[in-house]
Protein chains: 4
Amino acid sequence: MNKDAAATRLLLVGAARRRFAFDGYRATTVRDIAADAGVNVALINRYFVSKEGLFRACLDRAAGGLQPDIRNLDRVLDDLVDHVVSSPTDEDSMQLLLLVRSTGDDRVDVIRRETLRHHAERLTAAAVPDRAGSPDDALLVRAQIALSVVLGMTMMRTATRVEPLASADEALLRAPLRAALHALLVL
Amino acid sequence: MNKDAAATRLLLVGAARRRFAFDGYRATTVRDIAADAGVNVALINRYFVSKEGLFRACLDRAAGGLQPDIRNLDRVLDDLVDHVVSSPTDEDSMQLLLLVRSTGDDRVDVIRRETLRHHAERLTAAAVPDRAGSPDDALLVRAQIALSVVLGMTMMRTATRVEPLASADEALLRAPLRAALHALLVL
Amino acid sequence: MNKDAAATRLLLVGAARRRFAFDGYRATTVRDIAADAGVNVALINRYFVSKEGLFRACLDRAAGGLQPDIRNLDRVLDDLVDHVVSSPTDEDSMQLLLLVRSTGDDRVDVIRRETLRHHAERLTAAAVPDRAGSPDDALLVRAQIALSVVLGMTMMRTATRVEPLASADEALLRAPLRAALHALLVL
Amino acid sequence: MNKDAAATRLLLVGAARRRFAFDGYRATTVRDIAADAGVNVALINRYFVSKEGLFRACLDRAAGGLQPDIRNLDRVLDDLVDHVVSSPTDEDSMQLLLLVRSTGDDRVDVIRRETLRHHAERLTAAAVPDRAGSPDDALLVRAQIALSVVLGMTMMRTATRVEPLASADEALLRAPLRAALHALLVL
DNA sequence: AATGAATGAGGTTTCATTCAT
DNA sequence: GATGAATGAAACCTCATTCAT
């Protein structure tokens with residue numbers, strides 16, 4: 001019995017992120033999460049009020065990752081590629097998946113969409129620094145397509161687990177992925 | 001009160017495809033599907049044994065779509081692009097989404113993965129006709145990344161509905177999407 | 001297995017009225033009610049949406065009873081007395097108890113209070129027919145005190161079961177009860 | 001952080017009486033009581049073993065109130081009337097309510113019934129002093145009906161809050177209430 | 001003595017499925 | 001063949017209580 005509340009919360013959020021990202025919101029039960037975290041189910045409600053509250057907490061942390069705040073487009077592309085190639089193993093790789101997992105609650109949906117839009121705006125800022133303030137739709141669409149690539153691949157590799165993509169070596173992934181992103185973001 | 005069994009089955013599969021693709025497997029209830037189809041709930045079990053059986057029937061039909069059986073790579077790329085731009089409105093646009101919706105049943109998962117792999121092989125065949133019989137992993141990976149692009153965008157447009165991507169005009173989508181696919185499949 | 005929906009609803013409402021009146025809203029579980037009615041628990045939600053919906057349905061029926069729509073005050077007093085003396089055995093005797101059982105839901109509380117007030121107004125109309133339209137507070141208070149007597153005794157006899165009151169013979173109850181009501185309503 | 005155990009107990013019993021009387025036993029949570037008392041929840045179990053133990057402690061104190069140990073019937077009637085008119089505000093007014101709040105535990109029920117019966121006997125002693133030792137059922141029933149009046153009105157005024165009764169002025173209540181009690185207890 | 005963390009039992013509700021007409 | 005009724009399993013959540021500090 002661990003008597004550290006903060007640690008327990010982290011345990012729960014960690015377990016929840018994995019389950020939500022991998023199995024989807026509806027398919028994961030709070031008992032699954034609690035079992036993974038090794039704590040009692042009731043603590044989910046105690047600390048996060050509801051299953052949805054726990055999901056929201058996962059989103060909050062997820063919003064932190066995938067932050068390309070550098071002005072160097074090359075570095076940004078590298079980050080995106082890194083994000084994908086590390087996907088089945090890395091902790092952060094599930095953050096993007098969380099953003100497409102629906103809970104059925106409208107307020108959560110709004111947060112999800114805003115977060116995704118925010119990421120896209122950051123990408124456009126990196127791609128066309130001089131027009132950073134007011135990106136037009138054409139640019140945003142390109143950025144969001146780029147995010148779609150990352151998202152689609154992460155799904156295929158982690159959730160759907162299609163071979164050979166899922167267990168493909170880093171060497172096989174980097175070149176084509178970078179080519180695709182390059183075609184989208186470098187004008 | 002439709003006395004034509006075959007027609008009822010079609011009605012159910014149609015409604016189920018929409019629901020499964022859009023809301024996910026767990027989030028859609030058989031009552032939703034039956035209501036959409038305008039038939040009695042019990043008929044789902046009568047005709048498809050179980051909810052999972054209905055999903056399997058949707059997969060069977062889904063496997064039929066997205067068949068690039070032409071040897072012309074240009075046409076194939078056009079088909080993929082068409083698939084995406086028609087996504088929120090078109091009936092067939094949800095077929096790919098079905099392939100990433102998990103049911104929790106392992107046997108269904110196998111079918112899903114095989115279908116996706118099959119699609120990838122067809123894509124490689126179109127890309128490199130002379131090596132059609134035995135594609136190497138590098139080619140398959142490229143094809144699956146291409147599918148990931150289509151898949152990721154379809155999710156963003158239909159399920160997640162991120163703007164401006166979701167309601168972007170065809171004119172804004174075609175060029176970047178085609179560029180990305182070109183970078184992936186044309187060597 | 002009874003396949004008559006209307007009959008099942010009646011069964012449930014009947015069992016619920018007894019339980020709610022006797023044990024109180026919070027103390028009665030939907031499983032208790034379903035067991036008493038001899039039907040499956042899920043039917044409560046099917047037919048009445050929620051436990052609270054079932055309670056509301058009980059209130060609706062309860063509102064029908066205890067209707068002294070006769071202009072003869074003597075008859076009205078007799079009715080009230082009858083209501084009390086029949087209390088532990090009679091079906092209708094629990095209707096007044098329902099009106100003081102709180103659910104915690106504010107909307108239900110409003111209904112309860114309105115129903116009680118409505119009963120009081122009817123009583124005043126019987127007591128002072130010529131001022132039926134606009135009873136003043138003094139009259140309403142007297143009527144509500146009379147209702148309190150009926151209510152208090154019903155509680156004591158059915159829920160609390162204090163002896164000798166609970167099993168007191170009709171002969172012992174009528175005279176004092178009627179005297180009290182007379183003192184309240186006959187000016 | 002009160003270091004005085006006795007004071008903490010009083011705080012808890014006070015808060016519990018209010019909650020139990022007003023909301024009922026099942027509807028009040030031990031956390032509510034602890035919060036009202038401003039102490040930690042675990043102390044309820046520490047000092048009173050269980051929620052039921054706390055209720056029992058409330059009953060013990062409640063038994064002390066409403067003691068018409070005077071031989072003057074007029075004074076006794078005044079006390080009863082006072083008890084009712086002071087009901088929404090006064091601390092002691094909830095003591096009678098406690099006596100009709102069931103916990104579901106049979107042993108507690110016995111205590112409750114005995115306490116109520118005891119009160120009735122005291123009333124008969126005041127009404128007919130010469131037969132104080134062995135009251136017959138007819139007298140006890142009259143006394144218990146009188147208690148029912150007080151109880152019913154207290155419920156209507158505090159728990160159900162029916163208007164105009166709940167906020168009726170003392171002047172409007174005294175006369176009819178005394179008339180009813182007089183009809184019951186003065187032979 | 002007091003507190004916050006943790007637990008387990010039990011409550012309501014949802015939902016896929018089966019039964020009977 | 002089709003329908004509404006009925007069922008049981010399981011999900012989320014609440015809450016009294018116990019544990020460890």
Side-chain angles (χ1 to χ4, degrees), chain A residues 1-9 26-34 38-54, chain B residues 1-9 26-34 38-54, chain C residues 1-9 26-34 37-54, chain D residues 1-9 26-34 39-54:
Chain A
M1 194 186 336
N2 191 0
K3 292 283 267 187
D4 184 352
T8 303
R9 291 169 87 111
R26 298 295 271 262
T28 74
T29 73
V30 289
R31 295 203 124 81
D32 286 340
I33 297 173
V39 304
N40 187 280
V41 204
L43 294 183
I44 289 178
N45 301 282
R46 177 167 170 70
Y47 289 134
F48 304 98
V49 180
S50 66
K51 181 187 182 183
E52 211 173 277
L54 176 53
Chain B
M1 206 181 334
N2 190 352
K3 285 283 182 186
D4 183 353
T8 304
R9 292 171 82 108
R26 297 296 273 262
T28 74
T29 72
V30 290
R31 293 201 128 83
D32 285 340
I33 298 172
V39 306
N40 188 279
V41 203
L43 295 184
I44 289 178
N45 297 279
R46 182 169 185 72
Y47 288 140
F48 303 97
V49 180
S50 67
K51 181 186 182 183
E52 215 173 88
L54 176 54
Chain C
M1 193 182 347
N2 190 359
K3 294 283 268 185
D4 184 351
T8 304
R9 291 170 86 112
R26 298 295 271 262
T28 75
T29 73
V30 289
R31 296 200 125 84
D32 288 339
I33 297 173
V39 305
N40 187 280
V41 205
L43 294 183
I44 288 178
N45 299 281
R46 176 167 171 71
Y47 288 133
F48 304 97
V49 180
S50 66
K51 182 187 181 182
E52 211 173 278
L54 176 53
Chain D
M1 206 183 330
N2 190 353
K3 285 284 182 185
D4 183 353
T8 305
R9 291 171 81 108
R26 297 298 271 263
T28 73
T29 72
V30 290
R31 294 200 128 83
D32 286 340
I33 297 172
V39 305
N40 188 279
V41 204
L43 295 183
I44 288 178
N45 297 278
R46 182 169 185 71
Y47 287 140
F48 303 96
V49 180
S50 67
K51 181 186 183 182
E52 215 173 88
L54 176 53

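Lettering of chains follows the sequences in order, A, B, ..., and the numbering in each one begins at 1. In this text the structure is predicted, and so the values were computed from the model without any measurement. These values consider heavy atoms only, across backbone and side chains, with no hydrogens, waters or symmetry-generated copies.
Distance CD1 (A/Ile33) to P (F/dA11): 12 Å, rounded to an integer number of Å. Distance, C/Asp32 CG to E/dG10 C1': 12 Å, rounded to whole Å. Between C/Leu43 atom CG and F/dG8 atom P there is a gap of 11 Å when expressed in whole angstrom units.
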Could you spell out the base pairing of DNA chain E in dot-bracket, with Watson-Crick or G-U pairs whose two distances are under 3.5 Å, [ ] crossing and | to another strand? .||||||||||||||||||||
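No side-chain heavy atom of B/Ile33 sits less than 4.5 Å from a side-chain heavy atom of B/Lys51. Using a 4.5 Å heavy-atom threshold, the side chains of B/Leu43 and B/Arg46 count as touching.
Remark: D/Phe48 CZ to D/Arg9 CZ distance equals 5.0 Å, nearest 0.5 Å.
Side-chain N/O atoms of C/Tyr47 include one lying less than 4.0 angstrom from OP1 or OP2 on F/dA6.
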Within the sub-3.5 Å range, which N or O atoms of nucleotides 12-15 of chain E have a protein N or O partner, and how far apart are they?
from	atom 1	to	atom 2	distance (Å)
E/dT12	OP1	C/Val30	N	3.4
E/dT12	OP1	C/Lys51	NZ	3.1
E/dT12	OP2	C/Val30	N	2.9
E/dT13	OP2	C/Asn45	OD1	3.3
E/dT13	OP2	C/Lys51	N	2.8
E/dT13	O5'	C/Asn45	OD1	3.4

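Residues passing the side-chain contact (heavy atoms from CB on, under 4.5 Å) test with C/Ala42 are C/Asn40, sequence neighbours excluded. C/Asn45 pairs by the side-chain hydrogen bond (donor to acceptor under 3.5 Å, both in side chains) definition with nothing, not counting sequence neighbours. With sequence neighbours excluded, the residues that form a side-chain hydrogen bond (donor to acceptor under 3.5 Å, both in side chains) with A/Thr29 are A/Asp32.
Checked options D/Val39, D/Val30, D/Thr8; the residue passing with D/Ile44 is D/Val30 (criterion: side-chain contact (heavy atoms from CB on, under 4.5 Å)).
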